[in-house]
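Everything on this sheet refers to the single structure shown next.
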Amino acid sequence: MSSVAGAVCEVESGSEASSQNIVRIAIFASGSGSNFQALVEAITEEPEAFHAEVALLVCDKPNAYVIERAKAAGIETAIYQPKQYEDRAAYEREVLARLQEENIDWIVLAGYMRIVTPVLLNAYAGRMLNIHPSLLPAFPGLHAIKQALDYGVRVTGVTVHLVDEGMDTGPILAQRVVEIEDGDTEDSLAERIHAVEHEVYPMVVRELIHGRLRPRG
Ligand code: GRF
């Protein structure tokens, strides 16, 4: 076991994925997509280290900027309007069918603003991860950066975790600390948090999909 670049996580050596196949990732996003971009760039820059591709963007907001990013990167997009479905399960059944059509191996949530239901969770158990802009279990849910500022904590950070049926509650894979400075605003703190996210998320994805990282406990 060894630690990776300051992240609190565990790495197993000598357990490379045996498959020669390129790992196919679907990124789910609802907004700007800066983490989507960081992941796509990291994978493009280091194809041999990742041995993976972002095969699909799943987006539940037809006007989200992330869709432009996917188009510019030549990545297939699946765009949905969940309100048009009878319920959340019906929406996810359609998403799941598309994932299966595309032979998706892993789901990476990156600013996807929905709770995932058992339809997707069961199909991708242990193969779905999320990034959250706080040191979980502190400040789960919406507006985590504002929550940290309002509370007055001196440090906050970034957590990458496996997804379960709760809100930001799954097993933790990696965390990085970001200090809160005097005079920080939500914007200034968000900028530093995003910079850390863009570094840590690709690293965790790379290690996890090749079996070199798992949650503690
Ligand atoms: C990130 O801060 C991430 O932690 C949270 O949503 C935000 C998405 O930002 N889950 P972006 O769309 O990747 O820029």
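Given the structure is predicted, the values throughout are model-derived calculations rather than measurements. When a ligand or atom number is given, it counts from 1 through the structure's own listing order.
Formation of a donor-acceptor pair under 3.5 Å by the Asp184 side chain with backbone atoms of Ile180 is not found in this model. Remark: side-chain polar atoms of Arg69 are not paired, donor with acceptor, to backbone N or O of Phe36 under 3.5 angstrom.
Classification of Arg154 and Glu179 as a salt-bridged pair fails, no side-chain N sitting under 4.0 Å from a carboxylate O.
Figure legend: Arg206 and Tyr201 shown without cation-pi pairing, the cationic atom not lying both under 6.0 angstrom from the six-membered ring centre and within 45 degrees of its axis.
Using a heavy-atom distance under 4.0 Å as the criterion, the protein contacts of ligand 1 are Ser32, Gly33, Ser34, Asn35, Gly111, Ile131, His132, Pro133, His194, Glu197.
Environment of CD in Glu191: sparse, with no more than 12 heavy atoms of neighbouring residues, nucleotides or ligands closer than 6.0 Å.
For the atom pair CG (Leu56) and CD (Glu76), the distance works out to 6.5 Å, reported to the nearest 0.5 Å.
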